[in-house]
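Accompanying notes for the structure given below.
Remember, it's a predicted structure, so these values are computed and weren't measured experimentally. Only this structure's heavy atoms are used, side chains among them; waters, hydrogens and symmetry mates stay out.
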Amino acid sequence: QVQLVESGGGLVQAGDSLRLSCVASGRTFNGDVMGWFRQAPGKEREFVAVIWPSGTITNYADSVKGRFTISRDNAKNTVYLQMNSLQPLDTAVYFCARRSAGSVYLAPSYDNWGRGTQVTVSS
């Protein structure tokens, strides 16, 4: 089983940037599809971005496309989420997760989750 730990969240102003990190331990995740999701208070967990094992294939939610970039360093067992031009609607707890099976856009397809890191964007 992979243990995932997110970091890099914080309180920023609209227009600022943050880079989130997700470090995996327990076993290598080189062959895994990894995703970032977020959950705002009172809302369901939603897909943000996904990256395939090679790192060359990525996909994004429409709401973050052009502003967020997902990447990975397999040598460091780390996945990143670079977030630019942050807006108050981006405020949420951000989670990274390892996909086990099924649609990469759906949370139930992922079986390993970190505890999340809070991102708060003030206007």
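Ring planes of Tyr94 and Phe68: tilted class, angle from 30 to 60°.
Checked by atom type and distance alone, the side chain of Thr78 pairs as donor or acceptor with a backbone atom of Lys76 at under 3.5 Å. Remark: side-chain polar atoms of Arg72 are paired, donor with acceptor, to backbone N or O of Trp52 under 3.5 angstrom.
Here the CZ-CG distance, from Arg99 to Asp111, works out to 10.5 Å after rounding to the nearest 0.5 Å. Atom OG of Ser85 is separated from atom CG of Asp16 by 9.5 Å, given to the nearest 0.5 angstrom. If you take CZ on Arg19 and OG1 on Thr69, they are separated by 11.5 Å, rounding to the nearest 0.5 Å. The structure places OG1 of Thr91 at 7.5 Å from CD of Gln118, a figure rounded to the nearest 0.5 Å. The distance from atom OG of Ser100 to atom CG of Asn112, rounded to the nearest 0.5 Å, is 8.0 Å. Atom CD1 of Ile70 is separated from atom CD1 of Ile57 by 12.5 Å, given to the nearest 0.5 angstrom.
When all heavy atoms of Pro53 and Val33 are compared, the closest pair comes out as CD-CG2, 3.9 Å. Minimum interatomic distance between Ser123 and Pro88 (heavy atoms only, all atoms of both residues): CB-CG, 3.9 Å. Heavy-atom minimum distance, Trp113 versus Ala107: CZ2-O, 3.4 Å. Heavy atoms only, all atoms of each residue included: Arg98 and Val2 are closest at CD-CG2, 4.1 Å.
Annotation: side chain of Ser7 is not in contact with side chain of Thr117 (no heavy-atom distance under 4.5 Å). Counting heavy atoms from C-beta on, the side chains of Arg38 and Val119 never come closer than 4.5 Å. By the 4.5 Å heavy-atom criterion applied to side chains, Met83 and Trp36 are not counted as neighbours. Counting heavy atoms from C-beta on, the side chains of Ser71 and Val79 never come closer than 4.5 Å. In this structure, the side chains of Leu20 and Glu6 stay at 4.5 Å or more apart for every pair of heavy atoms.
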Stepwise side chain to side chain contact (heavy atoms under 4.5 Å, CB included) check, Phe37 with Val93:
CA-CA 8 Å; Phe37 284 73; Val93 178; over 6 Å; no

Trace of the side chain to side chain contact (heavy atoms under 4.5 Å, CB included) decision for Leu4 with Cys96
CA-CA 7 Å; Leu4 303 172; Cys96 72; 3.8 Å; yes

Might you work through the side chain to side chain contact (heavy atoms under 4.5 Å, CB included) test for Asn59 and Val104, ending with a clear yes or no?
CA-CA 9 Å; Asn59 209 343; Val104 298; 5.9 Å; no

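Put simply, Leu18 and Val48 are part of the same group of oily side chains (I, L, V, M, F, W, Y) that touch within less than 4.5 Å, one to the next. A single hydrophobic cluster is not seen to contain both Phe47 and Ile51; linkage of ILVMFWY side chains at heavy-atom distances under 4.5 Å, directly or through other members, places them apart. Val64 and Tyr80 are not part of a single hydrophobic cluster, where members link through side-chain heavy atoms under 4.5 Å apart.
With sequence neighbours excluded, no residue satisfies salt bridge (Lys or Arg N to Asp or Glu O under 4.0 Å) with Lys43.
Hydrophobic side-chain contacts under 4.5 Å tie Val5 to no other Ile, Leu, Val, Met, Phe, Trp or Tyr residue.
Phe95 has its ring centre no less than 6.0 Å from the ring centre of Tyr110.
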